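Just so you know, these numbers come straight off a predicted model, no measurement behind them. Each chain gets a letter, A, B and so on, in the order its sequence line appears, and its residues count up from 1.
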Amino acid sequence: MIEPRTLKGFRDFLPEAMIPREQLIDTARRVYRSYGYSPIDTPVLELLEVLQGKGGEESDRLMYHFRDHGDRAVGMRFDLTVPLARFAAQHIGVLGTPFKRYHIAKVWRGENTHRGRYREFMQCDFDTIGTESVAADTETVLVVHDLLQAIGISDFTIHLNNRRILNGLLAQLNLADQSGPILRALDKLHKIGADKVAAEMAATAGTSDEQAHQVLALSRVSGTNDEILAQLEQLLANNETGMAGIETLRAILRGAAAAGVESARIKLDVSIARGLDYYTGTVIETFLDRLPEIGSVCSGGRYDDLASVYTKERLPGIGASLGLDRLLAALEELQLIEKTATTAPVFIPYFDRDRLDDYLKLAAELRQQGLGVELYPESRKLAAQLKYADRRGFRFAIVAGSREFEAGQCQLKDLRAGTAQDLPLDAAQLATVIRSQLV
RNA sequence: GUGGCUGUAGCUCAGUCGGAUAGAGCGCCAGAUUGUGGCUCUGGAAGUCGGGGGUUCGAAUCCCCUCAGCCACCCCA
């Protein structure tokens, strides 16, 4: 016998896990569409040359790849952004700009597994291609905001930064060449503290004490968003790049406020520096206030050289990605996930052995009324069937035996409340009552 | 990739110094006068003790290898 098991980092999803998963995807889709993003899909497999060399050596090493039957070198997509770059370069002529797309799909990375990190996982990306307008930056923030609200999370904070502020400062200190190691160190500020960041910068980037001190001046920038902006303006007063970054942040804050986003939802955070090789401007990360340690659940930013390896046309873009698996883990920890293993609210026990056709008819009529209905497939004893319905999380059961059929009545049980009422055996009337109580 | 920890029933775990038929709770199945779930009671099924090798009279227990998971580091398009 072959032991049934899944590959390391690959998972099965049981109904109890899959139902909230699909709900989350539905919500993301609805929010993305409300901003005019359109769905696209791309192949799981691409020619290796299309995928490789876009995210650095590490990404190439993590990518699943092999030779196909025609001896072509192919790879499995490890994110949705590189395929988008190829897609945009190939089709932008017919799509036109600006082009807004969302893409909800699985990606694969052959890396070490961790809590919340798998080798096969879902990304929910949305991006706007072909505009450098700050309107797109602001809308990206708004989408993240609306998305988390729609999911039902009441307390979250969108951390906002701009790579040009960091780049400007480094240029000012003649450290532009060392931005990689410096920003990687700076990214750990919250985690390891200023002293250790300074030590790491000295070790990996060869910064002098004075340079480290200057870079860490960033770490002392704090206060309200307005206060942070004022401090940054002082730090970067003579730096065109830095000032441009500050102006972009200001514009996003203004725009978000105008669109009705509560000011406490957005926090300027100069230590956010992720996506080092990739992002060129706005950078965002989103944290749950009650579970910050789980990390960013929705991250993204602006990248202005997205498709340069595929086309001479300039295709700047901005977007973000919902970390579906991480968010689900968080929602579970915060007990915001309702546990049900059924998708239909109404259960009909197959109670009277001789009345199968009557049950089928009732179920069909209720479905025509727009209700999800499951009919139990075996005429077991009633207690067992009700127990099944209870375990699966059905909301209502419609009990009818020979007595009820003869009287033209049935019993509607609210399984959650533990109440029951007698009603006429009529689908339209039943549906009205059920709908009024479904909430 | 590095270091540490853990793998015993479907799930969560106990199992003494190496000792004989490997346990519990939950879940599952059946029942508690033939038509009503959650609570209770009774009974039942279910384990290659992750896998392989070794030491030993004897291994869930000790040793080696391997697979998987967790934690920290590294990395994170």
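Going from the C1' atom of G44(B) to that of G50(B) covers 27 Å, rounded to whole Å. On the P atoms, C28(B) is 15 Å away from G37(B), given to the nearest whole Å. Atom P of C41(B) sits at a distance of 40 Å from the matching atom of G52(B), rounded to the whole Å. Nucleotides U8(B) and C49(B) have their C1' atoms positioned 4 Å apart, rounded to a whole Å. Taking atom P on both G47(B) and A24(B), the two are 15 Å apart, rounded to the nearest angstrom. As rounded to the nearest Å, A9(B) and U2(B) have P atoms that lie 30 Å from one another. Atom name P, nucleotides G43(B) and G23(B): the rounded distance is 16 Å, in whole Å. Distance noted for atom C1' between G18(B) and C62(B): 8 Å (whole Å).
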Dot-bracket notation for RNA chain B, counting Watson-Crick and G-U pairs under 3.5 Å, with | for partners on another strand
(((((((..((((.....[...)))).(((((.......))))).....(((((..]....))))))))))))....
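The side chain to side chain contact (heavy atoms under 4.5 Å, CB included) check on Ala320(A) picks up Phe126(A), Thr140(A), Val144(A), Ile284(A), with sequence neighbours excluded. Qualifying salt bridge (Lys or Arg N to Asp or Glu O under 4.0 Å) partners for Arg164(A), counting only residues two or more places apart in sequence or in other chains: none. For Ser133(A), the side chain to side chain contact (heavy atoms under 4.5 Å, CB included) partners are Thr131(A), Ala135(A), not counting sequence neighbours. Checked against salt bridge (Lys or Arg N to Asp or Glu O under 4.0 Å), Arg101(A) has the following partners two or more places apart in sequence or in another chain: Asp127(A). In this structure Asp304(A) satisfies the salt bridge (Lys or Arg N to Asp or Glu O under 4.0 Å) test together with Arg302(A), sequence neighbours excluded. With sequence neighbours excluded, no residue forms a salt bridge (Lys or Arg N to Asp or Glu O under 4.0 Å) with Arg265(A).
Atoms CG (Asp12(A)) and P (G69(B)) sit 13 Å apart, rounded to a whole Å. If you measure from atom CG of Asp325(A) to atom C1' of C76(B), you get 15 Å, rounded to the nearest angstrom. In this structure, CD of Glu111(A) is placed 15 Å from C1' of C73(B), rounded to the nearest angstrom. Taking atom NZ on Lys8(A) and atom C1' on G50(B), their separation rounds to 14 Å, with Å as the unit. Here the P atom of nucleotide C76(B) and the OH atom of Tyr303(A) are 19 Å apart, to the nearest Å. Here the P atom of nucleotide C76(B) and the CD atom of Glu285(A) are 13 Å apart, to the nearest Å.
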Side chains of residues 418-425 of chain A: which donor-acceptor partners sit under 3.5 Å, not counting sequence neighbours?
none

Can I get a per-line list of side-chain donor-acceptor pairs under 3.5 Å for residues 6-18 of chain A, giving both atom names and the distance, sequence neighbours left out?
| residue | atom | partner | partner atom | Å |
| --- | --- | --- | --- | --- |
| Thr6(A) | OG1 | Phe10(A) | O | 3.0 |
| Arg11(A) | NH1 | Asp325(A) | OD1 | 3.4 |
| Arg11(A) | NH2 | Asp325(A) | OD1 | 2.7 |

I'd like a table of donor-acceptor pairs (distance under 3.5 Å, sequence neighbours excluded) in which one partner is a side-chain atom from residues 430-439 of chain A, with atom names and distances.
| residue | atom | partner | partner atom | Å |
| --- | --- | --- | --- | --- |
| Thr432(A) | OG1 | Ala428(A) | O | 2.9 |
| Arg435(A) | NH2 | Gln369(A) | O | 2.5 |
| Ser436(A) | OG | Val433(A) | O | 2.7 |

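Side-chain contact between Arg314(A) and Asp305(A) is present, with at least one heavy-atom pair separated by less than 4.5 Å.
Within the structure, a side-chain polar atom (N or O) of Arg380(A) is placed less than 4.0 Å from OP1 or OP2 of A30(B).
Checked against a 6.0 Å centroid threshold, the rings of Phe99(A) and Tyr37(A) do not count as neighbours.
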Nucleotide N/O to protein N/O under 3.5 Å, stretch nucleotides 2-11 of chain B:
none

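Aromatic ring orientation, Phe347(A) versus Tyr376(A): perpendicular (interplanar angle above 60°, classes split at 30° and 60°).
Backbone-only contact: Gly9(A) has heavy atoms under 4.0 Å from sugar-phosphate atoms and none from a base.
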Can you give one letter per nucleotide of nucleotides 33-44 of chain B, going 5' to 3': B for a protein heavy atom under 4.0 Å from the base, S for sugar-phosphate only, - for none?
--BBBB------
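With RNA chain B read from its 5' end, the first of the two nearest nucleotides for Phe10(A) and Phe121(A) is the one closest to Phe10(A).
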